[in-house]
Asks: 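One structure coming up, written as structure tokens, with questions to follow.
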Amino acid sequence: MYFQSNKVLEVKAIGKEYGKIKAVNGLSFHINKREIFALLGPNGAGKTTTVRMLMNIIKPDTGEIKYFLENSQEEFPKTELLGYLPEERGLYQDVKILKTLVFMGIVRGMDKTHAKKEAEMWLERFELSDRKNEKLNTLSKGNQQKVQLISAILHKPKFLILDEPFSGFDPINQEAVIEIMTDMKNDGTTILLSAHQMHLVEKIADRVLLMNSGASVAYGTVEELKRDVAVDEKIIIHFSDVPLLSVFENDDTVESVKQLSKNEIVIYLKNKESLSATLNKASSLYNITKVKTEDISLHEIFLKKLGVTAEQKL
């Protein structure tokens, strides 16, 4: 039986070409209920094309997309079940903000009174209550982004797609967006997040799909991706003199070594158990002035999967 009760969305081998360019190439993944799932990758990776296919804005050339909402299997669900924040923002610039939000709520199945109440609540949360009767084009870019986001979540969708939701926001408002997504997930909304700010996404994503050139590079939880690149620990060591990388590269417990500066290196270990032995070895050969351990980031995992270094441009 194709229907799986825990799934909200299943994507099977979808592809999209524009001339000779394969924007998306045989992409497959699924999203479970009440999770935050992230499509990650650099600009041009195929994320927005994928999102547009999921929103039925464009059709895939190959493959299939199935939604599982309200205990049914559909190619595309009812509008009121979905929320969508497009990469290219498109609200009415010369209409009053509250009026615009109420209209968007009605379009998504809300009655006028409920839409107005929810819109005013969200405007207050975003500190825009005093601007509700102004036109959208009087707001700064960041505040326009807030209104666009409100329009996508006003009706409390069951499945929410956010395409580059952090774009145009300062760090404080980026954290506010993360908090909103967490709250919505806790209230039962499933979220697909498409972004390139990996350091922000790894704070909240339950599972991720790393994309490049229209295809999947890696897929799973952060812990699964770490195991996939054979890295369990990251150590940054600063020495008083200049270390030889080859001393550490030839160790079976080391996945890779990289020079950060003249006196500083980063060592990626295959397992945490070898941490003490590696530090003992380093201290027996060189004078250590500073040691720091860190979790390997999604950005580093992505670079390792591509076989490039942080200094190379994506």
Side-chain angles (χ1 to χ4, degrees), residues 8-31 35-67 75-77 79 81-91 104 141-142 144-153 157 159-169 173-174 177-178 180-181 184 189-202 204-205 207-219 298-299 302 305-306 313-314:
V8 168
L9 174 69
E10 184 159 31
V11 176
K12 290 189 174 181
I14 59 170
K16 187 67 182 179
E17 294 186 19
Y18 296 102
K20 295 182 179 180
I21 299 174
K22 290 185 177 181
V24 176
N25 186 13
L27 195 65
S28 297
F29 61 92
H30 74 271
I31 301 176
E35 77 171 345
I36 297 177
F37 184 93
L39 290 178
L40 298 178
N43 292 330
K47 302 186 303 296
T48 293
T49 299
T50 299
V51 165
R52 288 175 177 168
M53 287 190 282
L54 298 182
M55 284 301 301
N56 206 31
I57 296 170
I58 57 176
K59 297 286 188 183
D61 298 327
T62 57
E64 64 176 351
I65 297 167
K66 294 291 183 185
Y67 284 89
E75 290 187 6
F76 194 72
T79 303
L81 297 176
L82 290 182
Y84 176 45
L85 178 71
E87 181 183 28
E88 298 176 357
R89 315 309 191 218
L91 292 180
M104 297 302 291
K141 182 179 179 181
Q144 288 190 37
Q145 294 279 74
K146 293 177 183 179
V147 176
Q148 186 86 43
L149 178 59
I150 293 170
S151 74
I153 63 180
F159 185 61
L160 175 63
I161 297 178
L162 302 173
D163 195 357
E164 298 293 351
F166 303 113
S167 177
F169 282 139
N173 283 306
Q174 288 175 346
V177 172
I178 288 174
I180 287 167
M181 282 191 278
M184 293 189 70
T189 298
T190 302
I191 300 172
L192 183 147
L193 167 62
S194 171
H196 64 275
Q197 301 95 337
M198 298 190 190
H199 68 289
L200 294 173
V201 173
E202 67 181 305
I204 54 166
R207 291 188 303 127
V208 298
L209 189 154
L210 299 178
M211 293 183 67
N212 194 51
S213 301
S216 172
V217 174
Y219 174 44
L298 276 175
H299 181 70
F302 182 78
K305 294 297 290 186
L306 290 185
K313 188 176 179 180
L314 293 179

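All residue numbers in this chain count up from 1 along the given sequence. In this text the structure is predicted, and so the values were computed from the model without any measurement.
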Asks: Would you say that Lys12 contacts His30 through its side chain, given a criterion of any heavy-atom pair below 4.5 Å between the two side chains?
Replies: no

Asks: What's the separation between atom CE in Met181 and atom CG in Leu193, rounded to the nearest 0.5 Å?
Replies: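 So the gap between those two atoms works out to 5.0 Å.
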
Asks: So, does Thr49 use its side chain to make a donor-acceptor pair with the main chain of Val24 at under 3.5 Å?
Replies: no

Asks: Hey, are the side chains of Phe29 and Thr50 touching, using non-hydrogen atoms and a 4.5 Å cut-off?
Replies: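 Contact flag for Phe29/Thr50 side chains = yes.
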
Asks: Listing request: all side-chain hydrogen bond (donor to acceptor under 3.5 Å, both in side chains) pairs with a residue in residues 13-27, at least two apart in sequence or in separate chains.
Replies: Lys16-Asp61

Asks: At what distance, to the nearest 0.5 angstrom, does CG of Leu9 lie from CZ of Phe37?
Replies: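 If I round to the nearest 0.5 Å, the distance is 8.5 Å.
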
Asks: Report yes if some heavy atom in the side chain of Phe302 is under 4.5 Å from a heavy atom in the side chain of Pro42; otherwise report no.
Replies: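 The answer is yes; the side chains approach within 4.5 Å.
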
Asks: With no hydrogens and no angle check, is any side-chain donor or acceptor of Gln174 less than 3.5 Å from a backbone partner on Phe169?
Replies: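 Yes, Gln174 side chain to Phe169 backbone: donor-acceptor pair under 3.5 Å.
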
Asks: Show your reasoning for whether side chain to side chain contact (heavy atoms under 4.5 Å, CB included) applies to Val8 and Leu192.
Replies: CA-CA 10 Å; Val8 168; Leu192 183 147; over 6 Å; no

Asks: What is the minimum heavy-atom distance between Ala38 and Ala205, and which atoms define it?
Replies: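 Ala38 and Ala205 have their closest heavy atoms at CB-CB, 4.0 Å.
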
Asks: Identify the two heavy atoms, one from Leu54 and one from Val11, that lie closest to each other, and give their separation to 0.1 Å.
Replies: CD2-CG2, 3.7 Å

Asks: Would you name the heavy atoms of Met184 and Pro157 that are closest together and state the gap between them?
Replies: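 Taking Met184 first and Pro157 second, the nearest heavy atoms are CE-CD, 4.1 Å.
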
Asks: Drop me the distance from Ile204's CD1 to Ile178's CD1, to the nearest 0.5 angstrom.
Replies: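 The distance works out to 5.0 Å.
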
Asks: Calculate, to the nearest 0.5 Å, the distance between atoms CG and CG belonging to Leu39 and Asp163 respectively.
Replies: 9.0 Å

Asks: What pairs of residues pass the salt bridge (Lys or Arg N to Asp or Glu O under 4.0 Å) test when at least one of them lies in residues 191-200, not counting sequence neighbours?
Replies: none

Asks: Side chain to side chain contact (heavy atoms under 4.5 Å, CB included) for Leu82 and Tyr67? Distances and angles first, verdict last.
Replies: CA-CA 11 Å; Leu82 290 182; Tyr67 284 89; 4.2 Å; yes

Asks: State, with a plain yes or no, whether a side-chain heavy atom of His199 is found less than 4.5 Å away from one of His299.
Replies: no

Asks: Looking only at non-hydrogen atoms, find the nearest pair between Ala218 and Lys305 and report the distance.
Replies: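 Residues Ala218 and Lys305, closest heavy atoms: CB-CE, 4.0 Å.
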
Asks: Drop me the distance from Met104's CE to Ile150's CD1, to the nearest 0.5 angstrom.
Replies: 12.0 Å

Asks: Any side-chain heavy-atom pair from Arg52 and Pro86 closer than 4.5 angstrom?
Replies: no

Asks: Which heavy atom of Val217 sits nearest a heavy atom of Met211, and at what distance?
Replies: CG2-C, 4.0 Å

Asks: The criterion is side chain to side chain donor-acceptor pair (under 3.5 Å); which residues satisfy it with Arg207, sequence neighbours excluded?
Replies: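 Partners of Arg207 by the side chain to side chain donor-acceptor pair (under 3.5 Å) criterion, ordered by chain and then number, come out as Glu35, Tyr219.
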
Asks: How far does NZ of Lys47 sit from OG of Ser194, to the nearest 0.5 angstrom?
Replies: 5.0 Å

Asks: Please check this pair: side chain of Ser216 against backbone of Leu27, looking for a donor-acceptor N/O pair closer than 3.5 Å.
Replies: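 Checking the backbone N and O of Leu27 against the side chain of Ser216, no donor-acceptor pair under 3.5 Å is found.
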
Asks: How close do Ile65 and Met53 get, heavy atom to heavy atom, and via which atoms?
Replies: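 Distance-wise, the nearest heavy atoms are CD1-O, 3.6 Å.
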
